[in-house]
Each structure stands twice: as structure tokens, then as C-alpha cells.
Amino acid sequence: MRPVFVTFTFDRDGKLLNGADVETAVLMAEGLGVDAVGFNCGLGPDLVARLLPRARRVTDLPLIANPNAGLPVEKDGKTVFTTGPEEFADYMLDVYREGGAVLGGCCGTNPDYIRLVAERTKGLKPMPLHAVSEIKNTEGEEAKIIIADDAEAAANESTISPAYKNNKKEKYSSITAVAGYGAPVYFGKTPVLIGERINPTGKPLLKEALRNGDMDYVCRLGLEQLDNGAHILDVNAGLPGLNETETLCNAVTALQAITPVPLEIDTSNYEAMEKALRLYNGKPLLNSVNGKQESMDNVFPLAKKYGAAVVGLCLDENGIPDTAEGRLAVAEKIIKTAAQYGIKTKDILIDPLALTVSTDSRNPAIDLAVIKALKAKGIHTVMGVSNISFGLPNRDAVNSAFFAMSLAAGLSSAIMNPQSGRMLEAYHAYCALSGADEGCKEFVARYADAPQHNTAVKVSEYTLYDAIVKGLVEQSGIATKKLLEEQKAPLEVINQFIIPALNTVGEGFGKKTLFLPQLLMAADAAKAAFDEIKKQMQGSAAQNNTATASAGGNASGADASPGDTIVLAVVKGDIHDIGKNIVKVLWENYGYHVVDLGKDVPAESVVEAVEKHHAKLVGLTALMTTTVAAMEDTIQALRRKTNTKILVGGAVMTQEYADTIGADGYAPDAVAAVDYANQLFKGNVE
């Protein structure tokens with residue numbers, strides 16, 4: 001087989017367009033079986049040198065660095081790049097020292113650049129593979145990582161996991177992680193919480209929602225768990241009489257549209273399993289496989305194909321062993337068989353299976369013994385802790401005590417109910433006492449105002465503001481209709497709920513706390529709200545005009561005129577229209593009439609559209625450096641025949657370059673494009 005190399009185009013902050021960071025992209029590519037992974041066009045060598053170590057921390061794959069010669073600027077009417085061959089080669093030497101194995105150059109480079117890079121690195125040895133022991137999950141900070149430079153150092157390093165010490169000849173990153181399209185969740189020092197509530201067992205309201213195809217309810221159930229501290233959401237759609245494959249796929253798609261967190265795909269239906277894995281965006285957690293040969297032969301090929309981490313259950317053809325030794329033997333069989341399919345130990349989490357203490361008082365001790373033994377071998381564990389209390393009253397008391405005992409034994413992750421105050425108290429207290437919560441910061445932040453944090457958000461209580469911010473389309477329409485029925489004026493609904501929500505989403509996108517999928521879902525939710533307003537106002541033309549004008553208002557409180565027109569195009573020679581399409585969605589959401597000319601648009605076609613529609617604003621975008629000259633030609637053609645304002649954007653554009661080619665404005669992202677349009681139509685742009 002030929003090797004497969006995958007490279008990504010990141011922004012300056014190490015993010016893909018959908019919000020995925022360097023670690024997520026690399027983990028996903030590694031899971032899918034690529035032979036090398038790295039960085040492509042879009043960044044200069046200085047930024048690649050800064051981002052590449054983050055990739056090295058989570059993989060031992062050969063890393064590729066293929067940067068531009070800096071970012072383009074215009075000089076004397078020509079597009080030039082800011083980094084010369086000597087400076088480029090100096091940066092690439094740093095890249096090589098940080099672990100870059102395949103070095104090259106993209107836009108702005110030539111054979112002289114590559115020749116100098118070869119000369120600088122000639123005779124040098126590449127960085128040895130790292131053994132990584134753990135990464136701590138952090139909020140808003142770069143993950144903290146403990147590494148050793150080679151196998152011998154790892155073997156002598158007290159912080160390196162026992163699993164690595166026992167396999168000194170096998171060099172690989174021992175980090176276990178899963179991801180949605182956002183930052184990964186790491187299994188290690190900080191125990192991971194998996195929300196269990198998207199499972200119809202014993203939940204009549206969820207059963208009804210699944211039968212009715214009500215994914216809005218499923219999404220709200222997921223968001224509720226995340227608001228209460230879950231790191232991962234378990235998703236189970238197994239219900240008699242229901243098409244599990246279709247329902248599971250719909251649930252996975254809906255949840256990934258509104259949140260970047262990882263999902264645990266929970267099914268024993270192999271068809272549903274494969275289709276959900278195929279749809280999944282990121283590196284999933286798959287629940288589950290067991291020690292039965294039939295199960296392993298069906299699940300492991302899917303896990304390998306789609307790059308999933310897998311939960312292994314300690315049961316086989318003989319059932320669930322009634323001793324710790326028996327369950328450990330099943331775990332060993334699962335791990336060895338996984339290796340035969342090319343799945344590394346780091347991608348297997350073992351579930352010792354909590355059985356109710358009311359039927360056998362030995363059950364808790366067996367689970368704790370299994371957890372301790374696997375912890376000593378560096379193998380991560382996951383367990384549905386609440387199973388221990390089936391058949392007992394006051395289950396929360398039993399569950400929280402057993403949870404604390406399991407965490408002390410070394411449990412890596414718990415499938416639990418994040419709505420349980422006692423369970424969360426046990427979790428956060430353990431993290432504070434064990435040192436996982438350094439300085440008790442998270443504990444203090446959560447419980448300084450205990451009544452507030454202990455109040456669970458009910459599924460049915462999302463306001464219009466919250467529905468838009470969280471991207472809940474159906475709930476947005478319902479909340480709007482309710483407000484209108486309560487005699488709230490349409491303009492009041494818009495100004496008090498919709499515009500503030502869009503403000504919040506825009507600010508979050510700008511700060512990179514919200515990402516593209518959430519931005520688009522929020523836009524759809526706002527549209528649903530506007531649709532409800534329009535329905536009520538169909539009988540009055542005057543009211544309808546007022547509402548339309550207000551709907552075209554902006555996040556700064558300005559109002560656009562009804563039907564304000566913007567022409568939008570990807571310039572001649574460029575066929576990359578993702579950014580254009582995003583801007584179009586947001587502009588239309590703010591009430592503007594967008595004339596979308598599509599991609600690869602000649603300058604004369606843009607001029608013709610502006611004249612025909614009397615457009616006050618034109619948006620031009622380009623992704624490739626080879627087509628930015630066409631953007632300048634289009635601007636010059638517009639200047640000769642129109643007085644329209646021109647806003648430019650695209651991956652290769654900068655404010656400096658926008659200024660040099662004569663644009664009136666530069667939008668680094670879609671939210672900035674909305675802000676510019678709002679200010680222009682308000683009259684604040686000269």
C-alpha cells in the first residue's frame with residue numbers, strides 16, 4: 001500500500017475553520033491510519049515552528065511542515081512574500097529540531113528555499129520519538145503535558161506510565177484521548193465524566209422524543225449535562241420498534257451541530273455503529289466491545305477504520321466472571337485481540353462492569369480490584385458507577401460513595417448522571433484532594449455559591465436568548481411564539497432577545513470560545529425566531545416593514561433598511577467558497593439581501609451585478625495566493641464604474657494587503673463582515 005500523508009491549514013491560533021485545534025486534527029488523522037501528518041499552506045514558517053510541538057505532544061507519527069514564505073503583501077503592483085530564503089531556512093531548522101520529519105515549502109517558495117533547508121538540516125539527526133505519559137484537561141489553557149525524549153529516559157522517569165515502562169521496545173505516544181470538533185478530552189490525571197442521560201432506558205420523555213424524531217429535545221438533554229460538568233456525552237438510541245440506525249445517526253448529527261465535545265457512540269447494533277462512526281466529526285469513543293469473539297471480530301475492524309477509541313467490557317462467552325482475576329483475563333484478551341487488528345492499547349478503555357451490591361456484597365470489591373490492577377498496568381478504565389445501586393433506596397448516597405471509592409482506586413472515567421449533586425460533590429472533592437484540581441480552583445469556583453451551582457437546568461426552560469446562543473432551532477421558534485402570545489411586541493422581542501443573543505454568539509466566535517458549527521446553528525435559531533415574528537405580522541404591511549427593518553438591525557443596535565443589498569463573490573480563478581457561504585448565511589440572518597455570484601467570478605460580472613442591484617457593498621473573497629491579483633483587478637474595475645464600498649476577506653488576506661489593493665475594509669472572519677455591513681448601513685462608514 002502507498003503511504004498516506006495528511007496536512008492541515010490552520011489559522012494563527014492553531015484552529016481549523018470548524019474550530020478544531022492542532023491536537024484534535026492530529027489525533028483524528030492518526031486514528032484514521034495516516035502515515036504522516038502536519039501543516040500545509042496558510043502560515044509562515046515562524047507560526048508552523050510554534051504550532052508543530054503541539055502536534056508532537058500527541059503523536060509519534062512523522063510530522064510534515066510545508067509553510068508559505070510568510071504571508072503575502074503587495075509591492076510595486078506585485079504580490080510578494082515577506083520571508084526570504086535565508087530566514088525561511090532558519091525557521092525550518094527550528095521546525096526540524098522540534099520534530100518535523102518531512103520539510104518543504106508552499107506559496108512564495110522556490111528551489112532556492114528548499115535547497116537552503118536541505119543544507120541547514122544535512123547531517124542532523126531527527127528528534128527521537130516522544131513517550132508521553134499524560135495530558136491534563138484544562139479550561140482555556142494549553143494542556144499540560146509530561147514527556148520524555150526517548151524510551152530509555154521514559155523507562156527511568158517516575159512520572160511515565162507503567163504501561164510505557166513495560167513496553168520499552170515499543171515507542172509510541174501513550175496519550176489516550178477522544179475529540180469532537182473542538183479540543184480533545186484526555187484520559188489521565190483528571191477523571192473524565194461521561195453524561196449518561198441520552199439513553200432511553202427508564203426515561204419515558206426521551207423515549208417519546210426519539211419516537212417522534214425530536215432531536216431538539218435530545219440536544220437540550222445533552223446541553224443540560226454539559227452545563228453541569230460532563231466532558232463527554234453518551235448517545236444511545238436503542239429502543240424496541242425504533243429504527244436505531246437512523247435515530248442514532250440523527251442524534252449524533254444534531255449534537256455535533258451544537259457542541260464540539262466528544263460523543264460516546266453507545267450501541268450493540270453493528271450497522272448503526274458503522275453509520276454513526278462514518279458521520280462522526282472527530283475521534284469518537286465507541287461503547288462497546290466485549291470478550292466474545294463475534295463481538296471483537298465485528299467491532300475492532302470498525303474502530304480501526306474510523307479511528308475510534310473503544311470501551312471493552314469484562315465479559316465473554318462465559319458471561320461476567322465473578323472474580324477480579326477472571327475479569328482481568330477478559331480485559332487482557334480484548335487488548336491482545338485489538339492489537340491484532342492494529343489498535344493500540346492506548347485506544348482501549350476497560351469497563352470492569354459494576355454489578356448491584358444488593359445481589360452480591362462482593363461486587364464493589366471486585367470492581368475496585370480490577371480498576372487498581374489495570375491502573376498499575378497503565379490501562380485506562382471507564383464504568384457506569386450507578387449500576388452498583390440497582391434495587392436500593394436512596395441510590396444517590398450509594399452511588400456517590402462508590403464513585404469516590406472508584407476514583408481513589410484509579411478509575412479514569414465514569415458514565416454518570418451530571419444532574420446528581422452528590423455525585424458531582426464526590427467528584428470535585430476527589431479532584432481537590434488528589435491534586436487533579438491544583439489549588440482547589442475548580443472546587444472553589446463551583447461551590448463558592450453552592451445553591452446556584454446545585455440548581456439543575458430543566459430541559460423545558462430555555463429562553464429565546466439561550467435557545468439562539470445554544471443553537472436550538474425548534475426551541476427558538478417555540479420560545480418566540482410564547483413571547484408573542486404573552487403580548488410582547490415584535491420589536492421588543494428582537495431588541496431584547498434576538499440581537500443580544502447574536503451579540504453573544506459573535507463575541508464568542510471572535511474570542512474562539514464558540515466555533516463555526518455553533519455560529520451557523522445560532523444563525524438558524526435566530527432565523528426560526530424571525531420566521532415566527534413574520535407569521536404574526538403578515539396581516540399588517542406597515543408592521544411587517546417595521547419588523548423587517550428591525551430584523552436587519554445589527555449587533556450594535558443599528559437598523560438596516562429593508563432590502564439593503566450586498567453583492568458577494570469569490571474572485572476569478574478561485575473555487576473555494578466555504579468562507580463566502582458562511583458570510584452569506586450571517587448577512588441574510590441580519591436581514592440583508594445578498595446577491596451571491598458564486599465562485600470563479602470575472603470582474604465584469606461583479607461590476608454588472610452592482611450596477612443592476614444598486615448595491616452599496618461588495619464582498620470579495622479568495623483563498624489561494626495565486627488569485628489575490630484577481631481581487632485587485634476586480635477592485636479596480638469597480639472603482640472605475642461604481643461608488644460601492646468593497647470588503648475583502650479570505651485565508652491569505654491581511655489588513656495590510658487589503659489596504660495595498662485598495663479595499664475599503666477587511667474582514668478576518670464572518671462576524672467581522674457582519675459588523676462592517678452593520679456599520680456601513682447605519683452610516684458610520686465613510
Side-chain angles (χ1 to χ4, degrees), residues 1-11 13-43 47-67 95 98-104 106 126-127 129-130 132 135 143 145 171-187 256 260-263 265 274 276-286 300-310 338 341-348 515-517 578 651:
M1 294 177 63
R2 295 181 178 180
V4 176
F5 289 7
V6 172
T7 56
F8 296 96
T9 299
F10 296 95
D11 65 15
D13 297 315
K15 298 283 188 181
L16 297 180
L17 187 61
N18 70 349
D21 60 16
V22 171
E23 292 83 357
T24 296
V26 170
L27 284 167
M28 181 181 68
E30 180 189 50
L32 292 173
V34 304
D35 297 287
V37 65
F39 302 81
N40 200 346
C41 176
L43 297 176
L47 294 174
V48 170
R50 178 170 61 84
L51 295 176
L52 186 135
R54 292 174 54 182
R56 169 54 63 216
R57 290 163 183 161
V58 295
T59 185
D60 66 354
L61 290 174
L63 295 179
I64 305 167
N66 193 32
V95 170
E98 290 290 348
V102 181
L103 308 183
C106 198
M127 174 183 282
L129 297 177
H130 281 149
V132 186
I135 299 182
I145 298 157
K171 294 184 180 181
Y172 61 85
S173 164
S174 60
I175 289 299
T176 299
V178 293
Y181 62 80
V185 169
Y186 301 99
F187 295 86
Q256 288 212 298
V261 305
L263 304 180
I265 297 173
E274 175 157 26
L277 287 170
R278 179 67 182 85
L279 287 170
Y280 189 87
N281 183 6
K283 182 180 176 64
L285 179 60
L286 184 57
F300 284 143
L302 297 179
K304 178 63 177 175
K305 180 177 180 180
Y306 296 104
V310 189
Y341 284 93
I343 299 172
K344 295 179 179 178
T345 302
K346 68 172 185 173
D347 283 329
I348 300 291
F515 303 105
L516 180 60
I578 294 177

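Index from 1, following the sequence.
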Taking the side chain as everything from C-beta on, heavy atoms only, tell me whether [X] gets closer than 4.5 Å to [Y].
X      : Y      : value
Leu47  : Phe10  : no
Glu30  : Val58  : no
Ile348 : Ile343 : yes
Leu43  : Leu51  : yes
Tyr341 : Pro301 : yes
Phe8   : Val22  : no

To the nearest 0.5 Å, how far apart are [atom1] in [X] and [atom2] in [Y]?
X      : Y      : atom1 : atom2 : value
Met28  : Leu16  : CE    : CG    : 7.5 Å
Leu32  : Lys304 : CG    : NZ    : 9.5 Å
Glu98  : Arg56  : CD    : CZ    : 10.0 Å
Phe300 : Asp347 : CZ    : CG    : 11.0 Å
Asp21  : Glu23  : CG    : CD    : 4.5 Å

Run Ile265 and Leu277 through side-chain contact (heavy atoms from CB on, under 4.5 Å) and show every step you take.
CA-CA 8 Å; Ile265 297 173; Leu277 287 170; 3.8 Å; yes

Once side-chain hydrogen bond (donor to acceptor under 3.5 Å, both in side chains) is applied, do any residues pair with Asp11, and if so which ones, sequence neighbours excluded?
Lys512

For a quick test of reading the model, state the closest non-hydrogen atom pair linking [X] to [Y] and the distance between them.
X      : Y      : result
Pro184 : Ala179 : CA-CB, 3.9 Å
Val178 : Pro284 : CG1-O, 3.8 Å
Leu63  : Gly99  : CB-O, 3.9 Å
Thr176 : Lys346 : OG1-O, 2.6 Å
Leu285 : Val310 : CD1-N, 4.3 Å
Tyr280 : Pro262 : OH-CA, 3.3 Å

[Y] backbone acceptor or donor facing [X] side chain under 3.5 Å:
X      : Y      : value
Asp35  : Phe5   : no
Thr24  : Tyr181 : no
Gln256 : Asn281 : yes
Thr7   : Gly38  : no
Thr9   : Cys41  : yes

Quick one: do Glu274 and Lys305 make a salt bridge, cutoff under 4.0 Å?
yes

